[in-house]
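In each ligand, atom 1 is the first atom listed, and ligand 1 is the first ligand listed. Please read these numbers as outputs of a predicted model, since none were measured by experiment.
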Amino acid sequence: MIREFYHIDLRNRNSFRVAQRATRLVEFETIEDLRLFFASGIPEHWMVLSGGNNILFTEDYDGVLLTPISQNINIIEEDNSTVAVRIDAGVEWDNLVAWAVSRDLWGIENLSLIPGKVGAAPVQNIGAYGCEVAQVIERVHLFDVQSQRTCTLDAAHCGFGYRESVFKQLLKGRVIITGIDIRLSRTPNPRLGYGDIEREVEKLGGVTLQNIREAICSIRRSKLPDPNVLGNAGSFFKNPVVDTTVAERLLTDFPDMPHYPAANGQVKLAAGWLIDRCGLKGFRDGQVGVHERQALVLVNFGGASGGEVIALARKIQSCVHNKFGVEIAAEVNIL
Ligand code: EPU
């Protein structure tokens, strides 16, 4: 079923809580709904607004926002060791993680509490604590707007990389993700190597699927602000990936700088650390600021406009550039 809203206030539909408006917003459930919507023509401006957790509106949106609200989670195939699951785009990501953990299915527990909906997960290849959704996705279900046909894309063709996919590039503005298929494991496969996870899990009584989920939730709650309390969109910047020569130069001056191996022999740096080292953690300018416990997160203390957030982001980018010679790019979609 389709539900339509006109001149809608988006404050409760974006986690930054900025008060822009959209000319029209359409909630849809099924492929038939999409066919019905596009039957009268493709609007000049349209885009998908999923949970609104990775977006910053800097002006009103003069077009149509399409929001998936379908909620099905179905097992489509199982054997002794694995279970394949089909999930609709409108399911809250963390509801899916809770569903999997309650059925003793391994694979997405490290991605607990990531805000947003399932349909957005492949777009930016959500990741945390050493895992990425690309590791479990088998295929993505799409609605092609031009042809109004459905199709599926195997994971191998999704162009997944660090916070990257074909949906951010070639297929941007051409398809609507309607669901994903993932494969989970019945065999325990704990991944505790990242940061404090192992210690937190031990504190909770040892390695169980439920304890890993609880540990991740408690680490996230201790570091990341709850968007329901303080407007934010998680990491505002991507961690920069640089050549080894750049990393080596920086390590001479900053031997304690966190750095991790990345694809193609490059090195990933921690944008949060770079910002922190510029002395900007906890910095506040009017109604916007840098979160006091995680410098990668920009926050809206209430009533800030998207433009104020952008101004702060630019200031941070130039401080990091001046001190380290490194560019940090926004992870959040800026509109
Ligand atoms: N650090 C600081 N100061 C800070 C923040 C971080 O010194 O203010 C240091 C940490 O001590 C650590 C390093 O930077 O040595 C990396 O920090 P952390 O492990 O907290 O992770 P991150 O790189 O800041 C990434 C993801 C997060 C994800 C965490 C955990 C990106 C852009 N962000 O953050 O994802 O939760 O790892 O895996 O890759 C998100 O995308 O919205 C998000 C929150």
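- A cation-pi arrangement is absent between Arg149 and Phe143 under the rule of less than 6.0 angstrom and at most 45 degrees off the ring axis.
- The nearest heavy-atom contact from the protein to atom 28 (C) of ligand 1 is Ala128 CB, 4.0 Å.
- No hydrogens or angles considered: nothing links the side chains of Arg186 and Ser81 as a donor-acceptor pair under 3.5 Å.
- The nearest heavy-atom contact from the protein to atom 38 (O) of ligand 1 is Tyr129 N, 2.6 Å.
- Listed by atom number, the atoms of ligand 1 under 4.0 Å from Gly234 heavy atoms are 42 (O).
- Criterion: ILVMFWY side-chain heavy atoms under 4.5 Å apart, direct or through other members. Under it, Tyr194 and Val267 are not part of a common hydrophobic cluster.
- Counting heavy atoms under 4.0 Å from ligand 1, residue Pro258 touches it through the side chain alone.
- Residue Arg220 touches ligand 1 through its side chain alone, judged by heavy-atom distances below 4.0 Å.
- Proximity of Phe236 to ligand 1, defined as any heavy-atom pair under 4.0 Å, is not found for any part of the residue.
- Atom CZ of Arg199 is surrounded by 12 or fewer heavy atoms from other residues, nucleotides or ligands within 6.0 Å.
- Ser165 and Gln124 are not linked by any side-chain donor-acceptor pair at a separation below 3.5 angstrom, with hydrogens and angles left out of the test.
- Between Arg213 and Asp94 there is a salt bridge, since a side-chain N of the basic residue sits under 4.0 Å from a carboxylate O of the acidic one.
- Between Arg24 and Glu4 a salt bridge is recorded (basic side-chain N to carboxylate O distance below 4.0 Å).
- No hydrogens or angles considered: nothing links the side chains of Asn54 and Arg163 as a donor-acceptor pair under 3.5 Å.
- Remark: atom 24 (O) of ligand 1 lies closer than 4.0 Å to at least one protein heavy atom.
- Residues satisfying the ring pair (Phe, Tyr, Trp, His ring centres under 6.0 Å) test with Phe254, not counting sequence neighbours, are Phe324.
- The shortest contact between atom 8 (O) of ligand 1 and any protein heavy atom is with Ala295 N, 2.8 Å.
- Close approach of ligand 1 to Lys281 (heavy-atom distance below 4.0 Å) involves ligand atoms 3 (N), 4 (C), 8 (O).
- Taking atom 1 (N) of ligand 1 as the reference point, the nearest protein heavy-atom neighbour is Trp273 N, 3.7 Å.
- Atom 3 (N) of ligand 1 has its closest protein heavy atom at Asp276 OD2, 2.7 Å.
- For the pair Lys268 and Tyr162, the cation-pi test (distance below 6.0 Å, angle within 45°) is passed.
- Between Ala270 and ligand 1, not a single N/O pair is under 3.5 Å apart.
- Considering only non-hydrogen protein atoms, atom 22 (P) of ligand 1 sits nearest to Leu296 CD1, 3.9 Å.
- When Glu331, Gln294, Arg163, Met257 are checked for heavy-atom proximity to atom 35 (O) of ligand 1, Arg163 turns out nearest.
- Atom 10 (C) of ligand 1 lies below 4.0 Å from none of the non-hydrogen atoms of the protein.
- For Arg21 and Tyr6, the positive end is not near the middle of the six-membered ring at less than 6.0 Å and at most 45° from its axis.
- Residue contact check: Tyr194 has heavy atoms under 4.0 Å from atoms 18 (P), 19 (O), 21 (O), 30 (C), 37 (O), 38 (O) of ligand 1.
- Side-chain N or O atoms of Tyr61 include one that pairs as donor or acceptor with a backbone N or O of Trp46 at under 3.5 Å.
- Near Phe237, meaning under 4.0 Å from any of its heavy atoms, are these atoms of ligand 1: 32 (C).
- By the criterion of a heavy-atom distance under 4.0 Å, the side chain of Tyr162, and not its backbone, is placed next to ligand 1.
- Among protein heavy atoms, the minimum distance from atom 33 (N) of ligand 1 is reached at Ser235 OG, 3.0 Å.
- In this structure, the protein non-hydrogen atom closest to atom 12 (C) of ligand 1 is Tyr260 OH, 4.0 Å.
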